[in-house]
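Okay, so here's the structure we're looking at.
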Amino acid sequence: MATSTSNHSHGIVNILHTLNANQRQAVTSPPISKLQIIAGPGTGKTKVLTSRVAFLLLEGKIPAEDIIVTTFTKKAANEMIERLTNMLPDINLDKLKIGTFHSICFKLIMKHGGKLGLSGFTIADERDKDFYIKEMLSELTSIEVSSFSPHDMNQFKGKKSFPKYHDLSPKIVSSQISHLKSKGITWDKYSKEKEYNACLDLFYTKYQNKLLRNKVLDFDDCLLACHELISKFPLTNIQHILVDEFQDTNEIQLQLMYKLSSNVTIVGDPDQCIYSFRNAQVINFQKMIDHYQGKQQSVDIITLDNNYRSTHDILGFSETIMKQEQDRKTKQLISQHAKTFGSPVYAQLASDIQESKWVVSQITTLLSLPNQLLHPQDMAILVRSAYQTRVIETELNRQGIPYHMIRGRAFWDRKEVVVMMDYLRIIANENDRVAILRTINYPKRGIGEKTLEKIDEFLRLVDSNSTVYEKLLTISEVKLSTKVKSNVNVYLKFISQAKEKLQAIGDDETKLVGLFDFISKESGLIKELETPTEIENIDEIKKVIGQFVPPPQDEDVPYRNILGQFLDSIGLNETIEEQQQHSNHPKYKGRVSISTIHGAKGLEWPIVFVPGLSEGLLPSNMALRDNEVTSINEERRCLYVAVTRAKLLLYISWYVESETDDNEQSWRMKISEPSRFINFIKNKGNVVSGFSQDSLKTLYEMLGKSYPSEFDFNKFHQAYLAKIESIISNFDGSRRRRRSNEFEDFTNIGFTEATNIHNRKKNTINHFLNRKAPRIHPLMKPSVNNKAPAYIPTRTGISLGTKPRSKAPPYIPNRSKKIP
DNA sequence: CACGTTTATGTTTTT
DNA sequence: CATAAACGTG
Ligand SMILES: Nc1ncnc2c1ncn2[C@@H]1O[C@H](COP(=O)(O)OP(=O)(O)OP(=O)(O)O)[C@@H](O)[C@H]1O
């Protein structure tokens, strides 16, 4: 919608007022331009991008629907819309094209896909992709297989043998195809490539055929097909495209960007590229410059170096990590915080469990500071791999601390959740063969492997005039036992009833919950489920469907039923997390965030914990295995991203397990060394860090709270030290009880000078670490009553991460009495 | 042939 | 511990 400048010019002035000179220059660059904003963490890149959208709307007078903004996640998109809405209360942003590359592309395909014969196509998620790959491989004839050169075939050999798939690893095949797609190479063009493998050509072609026949697009296809679409039918209206997190774009995304608009603003930080496993290429910065220079067009580059997020010491620490990379130019970010707290608090522990206890006790200490200084929502625990969250969750549960998982995928991988979603899928979409195959015998309907094969064989004979579901209705043509037939009919009757109900509710999304109840009950799924956890998870999905609001539809988008719209909305893994509402524990505000480092991209917290800084965790075993410099560098960037999420306090930790300590899980690779990335930390022995009263006062000041004069700091401090000491000396906390002579490792507990972490002028900085604290001698007696209660965390704690599923366990050890 | 039970085997990161 | 393949039973 057009808006007059005079009405809003004060608006842009206000916005520019919150920016520094460099940021302002970036924001107010001419709308007709190519602009790169390259800057380190916390320099306000996202803020600049958001403000630039406002600038383009207000000053550039570009209608919202003619601007595309790509963000890395749905969450980032939502945040940006929220900020824009606050900035520009008078402008309707509904038509702004903002979202991930995948969702923007998928929407374009939904709208115009008919031109390429893609109407009605849905998304094949990773699980479906895996299914089609395996199906494709198992269908290869021995003639086809024997026609390939051993050299070509060997590329696809995995560690294991795969008898069902001619010894071809589905994983490798899948990732190779994905690799081609993210380079923008379509199946019909692959043969022209220099690096050509006849095997891969056949796999790719067959796989793509399969997707087409099943009317689905995989994630990569969303981009690839969209690229094809706009190459043939260009969008003429887009006046500007803005790309966030440019360092993590791949080739096809770069090509899409060129095609979508000739005016471009990108922001990114090469040091934060952590998605090259998904073919992201940091070289896109240079490629973009070359691309436009080839067309005699120049690219403006603006850098920012004021950091508004982190303290001086956190920036120093992060730079110390990054400068380990060969040939990297040092980056000097200037912290805008007046105060800083010294080097990160760190500790070396003896097991993952002990490490979790250390982390969580730091959290309980911080939470127990008087005057509600900190809330759970101010803190985050960031790990390299999702599985590492497990022990931490257990400990958080044990201490009754509410937490939530950011972008946890585990929930959607649960069996009962998958089946429930499959029921929704087949009811919404008659062509979803995979969903039929996965639901028809769950709950058990006496249809085993063999029968399922027969049915599947029959279903795949479907011709393009009818749907897979219609084909299943004629199943009586197949010879099956009468018992099986009647069972299939029970299933079919149920599906058709559900479909009728779906018809009846029309576009009223508020009735979806009722339909959901009908489906979960009448399918027999609820009855089949055994644990209360599983039923809870079904309820979780119900909550998600209950919150679903269909997006505003363009007029000319082909119709899709409301359930299908819901499934589309979660198909791209873009589920928004439930807002932090009331927590179970009124004492706490919000929740501690737990996330993988990848999931924490672009986010920030006052307090950040980065546990697991050991060889095998960060860098991960996978990166160690191939021992490529590039892999190690990416791991290092991961750590860099993690530590630069912290605003005020950073806690890092690692553990090394003893060689002789064989535990039950013998397959687990032993963690035996601290991470190479922290080699520069000299005194790695157990460090017990205390607060100093001064730094604590500074913390209050920076958070705008008053430091209570009656607070007995010494008492608090002593209790803290004792708590940490008891964790370190309590070997019940490690996986297995140790022999007593191993305690020797821990006699040198004490404080290290933290200053050696990086050079700085001593007097200018407040230290968060108390360097004068006394040496502490571990008490060697593992006390009996310290034994952890037998408490098994429910896996649901992961679900959507919306709430701590389980109530705090009845026994809450070691809990400070004065949580305010 | 379906389905329950035993046993081998193995943890990146995600749109 | 969590999943999948292999094995055994009715
Ligand atoms: N000119 C400014 N004045 C005050 N605060 C600012 C300014 N610019 C940015 N900030 C604040 O700094 C923090 C970091 O900003 P932002 O998230 O935009 O950084 P970023 O460069 O995108 O970081 P990352 O690379 O880690 O994603 C935010 O809290 C933001 O509000």
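In what follows, every chain begins at residue 1, and chains take the letters A, B, ... in the order their sequences are listed.
- Taking for each of A/Phe101 and A/Thr451 the nucleotide of DNA chain B with the nearest heavy atom, the 5'-most of the two is the partner of A/Thr451.
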Between the protein and nucleotides 4-10 of chain C, which nitrogen or oxygen pairs are less than 3.5 angstrom apart?
none

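- By the stacking rule of 5.5 Å between ring centres and under 30° between planes, A/Tyr275 does not stack on the base of B/dT13.
- One can place CG of A/Leu624 at 15 Å from P of B/dT13, the figure rounded to the nearest angstrom.
- Annotation: of the two residues near DNA chain B, A/Lys454 and A/Gly599, the 5′-most nearest-nucleotide partner is A/Lys454.
- Applying the side chain to side chain contact (heavy atoms under 4.5 Å, CB included) test to A/Gln272 and every residue at least two apart in sequence or in another chain returns A/Pro41, A/Lys45, A/Gln247, A/Asp269, A/Tyr640, A/Val641, A/Arg645.
- Here B/dT13 presents its C1' atom at 17 Å from CD of A/Glu628, a figure rounded to the nearest Å.
- Across all non-hydrogen atoms, the minimal contact from A/Glu615 to A/Arg676 is OE2-N, 2.6 Å.
- Residue pairs meeting the side-chain hydrogen bond (donor to acceptor under 3.5 Å, both in side chains) criterion with at least one member in residues 163-179 of chain A, sequence neighbours excluded, are A/Ser178-A/Asp220, A/His179-A/Asn279.
- A straight line from CD1 of A/Ile455 to P of B/dA2 spans 9 Å, rounded to a whole angstrom.
- Under the rule for a side chain to side chain contact (heavy atoms under 4.5 Å, CB included), A/Glu457 has no partner lying at least two apart in sequence or in another chain.
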Using atom types as modelled, flag every donor-acceptor pair under 3.5 Å from a side chain in residues 441-450 of chain A to any protein atom, sequence neighbours excluded.
unit_1: A/Asn441; atom_1: OD1; unit_2: A/Arg445; atom_2: N; d: 2.6
unit_1: A/Asn441; atom_1: OD1; unit_2: A/Gly446; atom_2: N; d: 3.4
unit_1: A/Asn441; atom_1: OD1; unit_2: A/Ile447; atom_2: N; d: 3.2
unit_1: A/Asn441; atom_1: ND2; unit_2: A/Ile447; atom_2: O; d: 2.6
unit_1: A/Arg445; atom_1: NH1; unit_2: A/Tyr423; atom_2: OH; d: 3.3
unit_1: A/Arg445; atom_1: NH1; unit_2: A/Thr439; atom_2: O; d: 2.9
unit_1: A/Arg445; atom_1: NH1; unit_2: A/Ile440; atom_2: O; d: 2.9
unit_1: A/Arg445; atom_1: NH2; unit_2: A/Tyr423; atom_2: OH; d: 2.9
unit_1: A/Arg445; atom_1: NH2; unit_2: A/Ser523; atom_2: O; d: 3.3

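- The ring-ring contact (aromatic ring centres under 6.0 Å, His included) check on A/Phe156 picks up A/Phe203, with sequence neighbours excluded.
- In the set B/dT12, B/dT13, B/dC1, B/dC1 carries the atom at the smallest distance from any side-chain atom of A/Lys450.
- Checked against B/dT11, B/dT14, C/dC1, the side chain of A/Arg390 finds its nearest nucleotide in C/dC1.
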Any protein N or O atoms within reach of nucleotides 3-8 of chain B? Criterion: under 3.5 Å, listing atom names and distances.
unit_1: B/dC3; atom_1: OP1; unit_2: A/Gly446; atom_2: N; d: 3.2
unit_1: B/dC3; atom_1: OP2; unit_2: A/Asn441; atom_2: ND2; d: 3.4

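- In this structure, A/Asp626 atom CG and B/dT13 atom P are separated by 16 Å, rounded to whole Å.
- Here the side chain of A/Phe277 is nearest to one of B/dC1, B/dT11, B/dT13, namely B/dT13.
- Protein atom CG of A/Asp413 is 9 Å distant from nucleotide atom P of C/dT3, rounded to whole Å.
- Distance A/Asn250 CG to B/dT14 P: 16 Å, rounded to the nearest Å.
- For A/Glu135, the salt bridge (charged side-chain N to carboxylate O under 4.0 Å, His left out) criterion is met by A/Lys210, A/Arg433, A/Arg460, not counting sequence neighbours.
- In this entry the distance linking CG of A/Leu452 with P of B/dA2 reads 9 Å, nearest Å.
- When heavy atoms are screened at a 4.0 angstrom cut-off, A/Glu449 is found touching the sugar-phosphate backbone but no base atom.
- Every residue was checked against the ring-ring contact (aromatic ring centres under 6.0 Å, His included) condition with A/Phe458, not counting sequence neighbours, and none meets it.
- Under the ring-ring contact (aromatic ring centres under 6.0 Å, His included) criterion, A/Phe566 pairs with A/Phe548, not counting sequence neighbours.
- Listed pair A/Ser620 / B/dT13 fails the phosphate criterion, with no side-chain N or O lying under 4.0 Å from OP1 or OP2.
- In this structure, the side chains of A/Ile594 and A/His404 stay at 4.5 Å or more apart for every pair of heavy atoms.
- Counting only residues at least two apart or on different chains, no side-chain hydrogen bond (donor to acceptor under 3.5 Å, both in side chains) pair has a member in residues 478-487 of chain A.
- Between the A/Gln255 side chain and the A/Gly184 main chain, no donor and acceptor come within less than 3.5 Å of each other.
- Stem regions for DNA chain B, each three or more consecutive Watson-Crick or G-U pairs with both distances under 3.5 Å and listed by first number, read B:1-10 with C:1-10.
- Rounded to a whole Å, the NZ atom of A/Lys74 is 18 Å from the P atom of B/dT14.
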